[in-house]
Amino acid sequence: MPELPEVETVRRGLKALVVGKKIVDVQVLWPKIVTNDSEEFKQQLAGRTIEAIDRRGKYLLFRLSGHLTMVSHLRMEGRYFLNQSDEPVTKHTHVIIAFTDRTQLRYADVRKFGRMTLLKTGQENQLSGIHALGPEPLSPDFQVADFYQRLQKHKKNIKAVLLDQHTVAGLGNIYCDEVLWLSKIHPLLPANRVTFTQAQSLHAAIQAELKKAVAAGGTTIRSYVDANGDSGHFQFNLHVYGREGQPCERCGALIQKIKVGGRGTHFCPQEQVLPADSTMAVIQ
DNA sequence: CCAGTGCCCTGGAGGC
DNA sequence: TGCCTCCAGGGCACTG
């Protein structure tokens, strides 16, 4: 599932592949992917040039000529590929952006969860998902003191708070489990019970882990590949995600898997413990 | 305002 | 081999 490191890797790949290309035609094969009216989406894109590709959290922002931005979220399994126009269109391709040089940017998504929205550049905040995003974890906007203050405002568990994108942007299920293990914090600890020392540890772990994952080209669990079709390598550096029943690398206790807010959650039961007086609302 | 639940989707895994 | 059921999950709409 694409989280910040995967989306950043896709962004870098796409930048090299499509920036500078001029759009000649667009096909929308599964209209639900595009939140705009399909016809308007196609008409507005035709004739534009891709000038840059930015990223905010897990959102890709295609900057187009004429002050338009196409916002794209890959959700679970969205992928972009650059093809020649005469190559056969694969089964799960839902949007095709054709360029004047006879290449095509194709969006494929097995689960069809991904979304694209075309809007005026500068009005990205009209999208509720972007409007509510917390700071970029790898930018100077992400400060320990502010992070700690934000955590103190939430009674719900730390895993849910890290996942919901308001406190910090870009973390998904995999990296949440990893940074909580690195910081030895139980996923069900209420966020307002995280100490300042723990917040410092978590803040450092988030930055270090995301940097390493970006450098490794992201994590490939089931389907993720970058814009060049290459898998990431960071799955070999995961400590808890997908390692249920295997020994913790630090202490040897067996990694446990529970459900938190409907998400599979992996942790070390020996090192990531709840304080004796904290809520034991363990959802099994 | 907040927490909880269901929805969107399909392929893969497991049971029989 | 085949059919059925269940599960994975990011973000959002809806409910209480």
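Remember, it's a predicted structure, so these values are computed and weren't measured experimentally. A note on names: the letters A, B, ... follow the listed sequences, proteins ahead of strands, and every chain is numbered from 1. Values below: every heavy atom of this structure, side chains too, minus hydrogens, waters and symmetry copies.
Considering only side-chain atoms of A/Trp30, the nucleotide from B/dC9, C/dA8, B/dA3 that sits closest is B/dC9. Minimum atom distance to the side chain of A/Arg111 is reached by C/dA8, of the listed C/dG10, C/dA8, C/dG11. Across B/dT10, C/dG9, C/dG11, the shortest atom-to-atom separation from the side chain of A/Lys112 is found for B/dT10.
In this structure, A/Leu60 atom CG and C/dG10 atom P are separated by 16 Å, rounded to whole Å. At whole-Å resolution of the value, CD in A/Glu3 and C1' in C/dG10 are 10 Å apart. In this structure, CG of A/Asn157 is placed 13 Å from C1' of B/dC2, rounded to the nearest angstrom. As a whole-Å value, the separation of A/Phe113 CZ from B/dC7 C1' is 8 Å. Atom CG in A/Leu163 sits roughly 15 Å away from atom C1' in B/dG4 (whole-Å rounding). Atom P of nucleotide C/dA8 and atom NZ of A/Lys259 are separated by 3 Å, given to the nearest angstrom. Taking atom CZ of residue A/Arg56 and atom P of nucleotide C/dG10, one finds them 18 Å apart after rounding to whole Å. For the pair A/Leu127 CG and C/dA13 P, the interatomic distance rounds to 11 Å; values are reported in whole Å.
Checking the phosphate oxygens (OP1, OP2) of C/dG10, no side-chain nitrogen or oxygen of A/Tyr175 falls inside 4.0 Å. Remark: A/His92 is not in phosphate contact with B/dC9, judged by side-chain N or O atoms under 4.0 Å from OP1 or OP2. Under 4.0 angstrom from either OP1 or OP2 of C/dA8 there lies at least one side-chain N or O belonging to A/Lys257. Put simply, A/Gln165 has no side-chain N or O that comes within less than 4.0 Å of OP1 or OP2 on C/dG10. Under 4.0 angstrom from either OP1 or OP2 of C/dC12 there lies at least one side-chain N or O belonging to A/Ser128. For B/dT10, the OP1/OP2 oxygens have no side-chain nitrogen or oxygen of A/Lys91 closer than 4.0 Å.
At a threshold of 4.0 angstrom between heavy atoms, the contacts of A/His73 are confined to the sugar-phosphate backbone, with no base atom among them. Residue-level contact check: A/Lys153 touches neither bases nor backbone, having no heavy atom under 4.0 Å from any strand. If you check every strand for non-hydrogen atoms under 4.0 Å, A/Gly172 touches nothing.
Donor-acceptor pairing under 3.5 Å, judged by distance alone, is absent between the side chain of A/Arg75 and the base of C/dG9. Donor-acceptor pairing under 3.5 Å, judged by distance alone, is absent between the side chain of A/Arg263 and the base of C/dA8.
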Between A/Glu6 and A/Tyr175, is the side-chain hydrogen bond (donor to acceptor under 3.5 Å, both in side chains) condition met? List the steps. CA-CA 11 Å; A/Glu6 293 74 41; A/Tyr175 295 110; 2.6 Å; yes

Report the C-alpha distance between A/Gln152 and A/Gln149 in whole Å, list the side-chain angles of each, state the deciding distance to 0.1 Å, and finish with yes or no for side-chain hydrogen bond (donor to acceptor under 3.5 Å, both in side chains). CA-CA 5 Å; A/Gln152 296 313 109; A/Gln149 289 303 323; over 6 Å; no

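Not less than 6.0 angstrom separates the ring centroid of A/Phe267 from the ring centroid of A/Tyr241.
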Dot-bracket, DNA chain C: Watson-Crick or G-U, under 3.5 angstrom, [ ] crossing, | other strand? .|||||||||||||||

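A salt bridge does not link A/Glu77 to A/Lys112: none of the charged nitrogens lies less than 4.0 Å from a carboxylate oxygen. Note on A/Glu136 versus A/Arg56: salt bridge recorded, some NZ/NE/NH1/NH2 to OD/OE distance being below 4.0 Å.
Annotation: cation-pi geometry satisfied between A/Arg250 and A/Trp181 (NZ/CZ under 6.0 angstrom from ring centroid, within 45° of ring axis).
Nearest-nucleotide positions on DNA chain B place A/Lys156 closer to the 5' end than the other of A/Lys156 and A/Lys32.
Between A/His266 and A/Gln256 the shortest side-chain heavy-atom distance does not fall below 4.5 Å.
We find the CG-CG distance between A/Leu74 and A/Leu60 to be 5.5 Å, quoted to the nearest 0.5 Å.
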